[in-house]
Amino acid sequence: MVRVRFAPSPTGFLHIGGARTALFNWMYAKAQGGVFVLRIEDTDKVRSKQEYFDEILDSMKWLGLTWDEFYKQSDRFDLYRQYAHKLLSEGKAYKDGEAVVLHVIQKPIKIYDLIRGEIVVDTKEIKDQVLMKSDGSPTYSFACVIDDALMEISCVIRGEDHISNTPKQILMYEAMGFKVPKFAHLPLIMDPEGGRMSKRAGATAVTEYRTQGYLPIAIVNYLMLLGWSPGNNQEKVSMAQALKNFSIKKINKAGAAFSLEKLQWLNSQYIKEMPSDELARLLKPMVAEKYPQSNMEEQDFEHVVHLYKGRMNTLLDFLEWTSFLFEQNVRFDEGVKEKHLSQNMKTEFNLLADKLAEAREFTVKSTEEVFRATVAELKVDTGTLVHPVRVALTGKAVGPGLFDTMAVLGQKRTVSRLREAFIDNYND
Ligand code: GLU
């Protein structure tokens with residue numbers, strides 16, 4: 001029976017590296033029909049915080065990494081005490097003041113690591129190990145070993161930063177007569193410069209990605225590629241597909257470089273393929289928060305979402321793209337005014353505005369007809385007018401079709417923005 005666990009300490013937010021460890025454990029359990037245990041290692045009373053505890057559970061749920069069993073170590077102190085007494089009474093541990101310390105027996109130790117193969121460590125390097133601290137709390141390794149053994153964890157999958165703990169923990173398993181599990185130490189996530197993943201490469205807390213508008217499905221897809229690959233250079237991988245060929249043994253030994261661009265690309269792909277109504281439900285609260293006064297009809301909003309969903313790397317990008325719909329004044333992107341509105345086209349704009357003001361309906365089709373008629377009357381190229389008009393209406397040089405844009409902006413605002421575009425130049 002495959003039983004694995006993710007064992008975060010609630011001393012900080014769920015780190016992106018922790019999320020990957022959780023994901024690989026979860027995927028291994030799902031792929032093998034096993035059990036995924038979430039165990040909160042809150043033995044450090046000073047550094048553990050309820051806020052982090054809540055956030056870790058929340059982020060796990062948000063990522064879809066649901067657990068089959070849940071434990072928290074602060075509920076299990078009696079158990080750790082019992083094992084400490086047992087080791088003391090068997091002479092395998094001794095007291096040092098109030099602390100309980102394990103006698104380390106000198107002998108080579110073998111670690112069976114599914115990713116790195118067999119690792120032999122000489123215990124000469126290892127000092128006697130503290131099991132219970134003088135304040136009556138267990139050390140991380142002691143509690144971890146007791147729990148992994150009693151929870152019948154078959155394979156301990158965790159970050160490579162724990163590799164130096166493993167031989168010490170094997171000594172504890174042996175001292176207590178527990179079966180030693182298999183291990184898999186995951187390569188660390190590195191920043192693009194080859195250092196350990198830090199804030200410079202991208203946010204480190206899962207919540208930050210959430211507030212920045214990443215979809216959980218994109219994060220999960222991205223994290224599974226950090227150290228593992230489904231083959232064929234495939235990057236967009238569904239979970240069902242991943243579970244079919246996921247194996248711990250295929251995880252790379254080398255560190256995995258974090259690439260924010262790749263994560264953004266995956267996120268854009270998942271946003272693009274999301275049904276517009278579903279995406280609208282995610283975006284609505286963000287718009288409502290930024291523009292409490294906005295009262296766009298649901299159907300219109302969904303239509304706007306549909307127009308922009310192919311242009312977003314993150315959900316937040318939507319706010320940027322559509323500010324012209326929710327703000328009174330157009331905010332111009334850097335340089336676009338100079339590039340597209342420096343030539344005075346007041347006459348052309350006013351003619352277009354007059355004709356649009358007369359339109360009986362204001363649809364993609366009708367605005368296009370008016371536009372074409374205006375261009376014909378002015379005897380200018382379509383292009384001469386398209387770009388300046390888009391900039392005047394949206395503040396941006398790019399975007400969805402101009403007539404789609406006019407239709408969502410509506411007749412009144414389209415007409416007035418065209419009339420006001422060159423107002424600064426009136427007295428020229
Ligand atoms: N609580 C430890 C940590 O957060 C768990 C390490 C382990 O998986 O054994 O790093």
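Just so you know, ligand 1 is whichever comes first in the structure, and atom 1 is the first atom listed for that ligand. In this chain, residues are counted from 1 in sequence order.
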Ring-plane angle category for H387 and H340, please: parallel below 30°, perpendicular beyond 60°, tilted otherwise.
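Ring orientation, 0 to 90° scale: tilted.
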Judged by modelled atom types alone, do E208 and T204 share a side-chain donor-acceptor pair under 3.5 Å?
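There is no such pair between these side chains.
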I'd like to check the side-chain hydrogen bond (donor to acceptor under 3.5 Å, both in side chains) partners of N245; sequence neighbours left out, ordered by chain and number.
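Listed in chain order: nothing, the list is empty.
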Counterpart residues, side-chain hydrogen bond (donor to acceptor under 3.5 Å, both in side chains), relative to T322 (two or more places apart):
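Expected list: none.
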With sequence neighbours excluded, tell me which residues meet ring-ring contact (aromatic ring centres under 6.0 Å, His included) with F332.
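For F332, no residue satisfies ring-ring contact (aromatic ring centres under 6.0 Å, His included) once neighbours in sequence are set aside.
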Donor-acceptor under 3.5 Å (D300 side chain, V408 main chain):
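No; judged by distance alone, with no hydrogens or angles, the pair does not exist.
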Could you pull out every protein residue that has a heavy atom closer than 4.0 Å to ligand 1, ordered by chain and then number?
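Its neighbours under 4.0 Å (heavy atoms only) are R5, A7, P8, S9, E41, Y140, C144, R158, H162, given by chain and number.
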